[in-house]
Amino acid sequence: MSISTNNEVNCSEKYWQNRSFVSLDIETTGLDPRKSEIIEIGAVKFVNGKEYATFAKIIKPNTPLPVFIKQLTGIKEEDVSAGVSAKEALLELNSFIEDFPLVCHNAPFDIGFIQHHLASLGLPGIMNPANDTAEISRIYLPFIRNHKLETLATAFKISPGRYHRALNDAQVTGQLFIALTHFIIAYIPFELNVFLQNLVGYLESNSILDAYLKDIVSLQREHALINYDKD
């Protein structure tokens, strides 16, 4: 199944004026941050809805890579043996993201993993708010067979790369966030977005999702008034 966003209203382009974010992804040796290590970090800075800068680091783990992870990611022992320390990579990541809002696909996993390892290294945690493309897609695309990054990228006709590599997945996540935003502005009625924004605001007061939907509602309202004035 594919989703077309070729007929976006003009305000979907306006949304990205003077807006920036950093999309972020990590690869790890497992799912439990208490037992597993980060082996790769990828991040992409988007400015005005366009890719502006990239960050990629391979990290040398303290233990051999599990066979499954090598098969999944294509990362080899010789790749990580030349990697930097986790502390160095995380410090450089912090410098790269600055105070930009973040975007992840399954943000609790990526951010939670990073926060755990920052704390274990005695480093301050990430305070940047993070939107989650998986969460947004579950709200607005309940009809998709699943909400994996690969499935959503295919639906929006985003060119795939090598999935399960941090920089590629960060790039796809950023493009997906932009495509989802265009889709919501162009195809989801203003009244429904108002309802969802009010619901999210009630459940998650002052959350980044609440702020994200509030901005979309504000832009749709402004665009509707402009169109009305022209008629």
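The first residue of the sequence shown is numbered 1, and numbering continues consecutively from there. Side chains are part of it too, since the values below use all heavy atoms of this structure and drop only hydrogens, waters and symmetry mates.
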> Report yes or no: do Val44 and Val47 belong to one cluster of Ile/Leu/Val/Met/Phe/Trp/Tyr joined by side chain heavy-atom distances under 4.5 Å?
no
> Could you go through residues 55-62 and list every donor-acceptor pair under 3.5 Å that involves a side-chain atom there, pairing it with any protein atom two or more places apart or in another chain?
| residue | atom | partner | partner atom | Å |
| --- | --- | --- | --- | --- |
| Lys57 | NZ | Glu92 | OE1 | 3.2 |
| Asn62 | ND2 | Glu37 | OE1 | 3.3 |

> Closest approach of Ile208 and Pro101, non-hydrogen atoms and distance?
CD1-CB, 4.3 Å
> Taking Ser23 for the side chain and Ala170 for the main chain, is one N or O donor matched with an acceptor at less than 3.5 Å?
yes
> Which heavy atom of Val80 sits nearest a heavy atom of Ile75, and at what distance?
CG1-CG2, 3.7 Å
> Determine whether Asn198 and Leu213 satisfy the following criterion, side chain to side chain contact (heavy atoms under 4.5 Å, CB included), listing intermediate values before the conclusion.
CA-CA 9 Å; Asn198 288 335; Leu213 295 179; over 6 Å; no
> Please tabulate, for side-chain N and O atoms in residues 188-196, each donor-acceptor pair with protein atoms closer than 3.5 Å (sequence neighbours left out).
| residue | atom | partner | partner atom | Å |
| --- | --- | --- | --- | --- |
| Asn193 | OD1 | Tyr140 | OH | 2.6 |
| Asn193 | ND2 | Ile188 | O | 3.3 |
| Asn193 | ND2 | Gln220 | OE1 | 2.9 |

> Sequence neighbours left out, what passes side chain to side chain donor-acceptor pair (under 3.5 Å) with Glu27? Give chain and number order.
none
> Who passes side chain to side chain contact (heavy atoms under 4.5 Å, CB included) against Lys35, sequence neighbours left out?
Asp32
> Determine which pairs satisfy ring-ring contact (aromatic ring centres under 6.0 Å, His included) with at least one residue from residues 19-40, sequence neighbours left out, and list them in order.
Trp16-Phe21, Phe21-Phe46, Phe21-Phe177
> Between Asn48 and Asn18 (side chain of the first, backbone of the second, donor and acceptor by atom type, cut-off under 3.5 Å), is there such a pair?
yes
> Using the side chain to side chain contact (heavy atoms under 4.5 Å, CB included) criterion, which residues pair with Asn146? Sequence neighbours excluded.
Lys148, Thr151
> Can you see whether Thr181 engages Tyr212 through a side-chain donor-acceptor pair at a distance of less than 3.5 angstrom?
yes
> Answer yes or no: is there a donor N or O on one side and an acceptor on the other, between the side chain of His147 and the main chain of Leu141, under 3.5 Å?
yes
> Tell me, which pairs form a salt bridge (charged side-chain N to carboxylate O under 4.0 Å, His left out) where one or both residues lie in residues 158-183, sequence neighbours left out?
Glu40-Arg165
> Quick check on Leu31: does its CG atom have over 12 non-hydrogen neighbours (other residues, nucleotides or ligands) under 6.0 Å away?
no
> Of all heavy-atom pairs between Gly42 and Ala166, which one has the smallest distance, and what is that distance?
N-CB, 3.3 Å
> Can you list the residues that meet the salt bridge (Lys or Arg N to Asp or Glu O under 4.0 Å) rule with Arg19, with sequence neighbours excluded?
Asp215
> So Leu167 and Asp25, side chain to side chain contact (heavy atoms under 4.5 Å, CB included) or not? Walk me through it.
CA-CA 7 Å; Leu167 180 57; Asp25 186 79; over 6 Å; no
> Decide whether Phe143 and Tyr187 are clustered together by the hydrophobic rule: side chain heavy atoms of Ile, Leu, Val, Met, Phe, Trp, Tyr closer than 4.5 Å, transitively.
yes
> If we ignore hydrogens and angles and just use 3.5 Å, is the side chain of Lys45 paired with the main-chain N or O of Phe96 as donor and acceptor?
yes
> How far does CD1 of Ile158 sit from CG of Leu176, to the nearest 0.5 angstrom?
5.0 Å
> According to a 4.5 Å side-chain heavy-atom criterion applied to Ile, Leu, Val, Met, Phe, Trp and Tyr, with indirect links allowed, do Ile41 and Val172 form part of one hydrophobic cluster?
no
> Just list the side-chain donor-acceptor pairs under 3.5 Å for residues 118-133, sequence neighbours left out, or say none.
| residue | atom | partner | partner atom | Å |
| --- | --- | --- | --- | --- |
| Ser120 | OG | His117 | O | 2.8 |
| Asn128 | ND2 | Glu98 | O | 3.1 |
| Asn128 | ND2 | Phe100 | O | 2.7 |
| Asp132 | OD1 | Asn106 | N | 2.8 |
| Asp132 | OD1 | Ala134 | N | 2.9 |
| Asp132 | OD2 | Ala107 | N | 3.1 |
| Thr133 | OG1 | Cys104 | O | 3.3 |
| Thr133 | OG1 | His105 | ND1 | 2.7 |

> Under 4.5 Å between side-chain heavy atoms, hopping through other hydrophobics if needed: is there a path connecting Leu149 to Val22?
no
> Where the side chain of His164 meets the backbone of Leu72, is there a donor-acceptor pair that is under 3.5 Å apart?
no
> If you take all heavy atoms of Ala89 and Val84, which pair is closest and at what distance?
CB-CG2, 3.8 Å
> Decide yes or no on side chain to side chain contact (heavy atoms under 4.5 Å, CB included) for Thr73 and Leu65, but give the supporting numbers first.
CA-CA 11 Å; Thr73 64; Leu65 295 176; over 6 Å; no
> Can you sort out the partners of Asp79 under salt bridge (Lys or Arg N to Asp or Glu O under 4.0 Å), two or more places apart, ordered by chain and number?
none
> Give, for atom CD1 of Ile178 and atom OG1 of Thr173, the distance between the pair rounded to the nearest 0.5 Å.
11.5 Å
> To the nearest 0.5 angstrom, please state how far the NE2 atom of His223 sits from the CG atom of Leu219.
8.5 Å
> Applying side chain to side chain contact (heavy atoms under 4.5 Å, CB included), can you list everything that pairs with Ala211, at least two apart in sequence or on another chain?
none
> For residues Ser36 and Gly30, report the shortest heavy-atom separation together with the two atoms involved.
OG-CA, 3.2 Å
> Who passes side chain to side chain contact (heavy atoms under 4.5 Å, CB included) against Thr28, sequence neighbours left out?
Ile26, Ile38, Phe109, Phe113
> With rounding to the nearest 0.5 angstrom, report the CZ to CG distance, Arg138 to Leu152.
9.0 Å
> Taking C-beta and beyond as the side chain, do Leu24 and Val103 meet within less than 4.5 Å on heavy atoms?
no
> Are Leu209 and Ile184 connected into the same hydrophobic cluster when the rule is that any two of I, L, V, M, F, W, Y join if their side-chain heavy atoms are below 4.5 Å apart?
yes
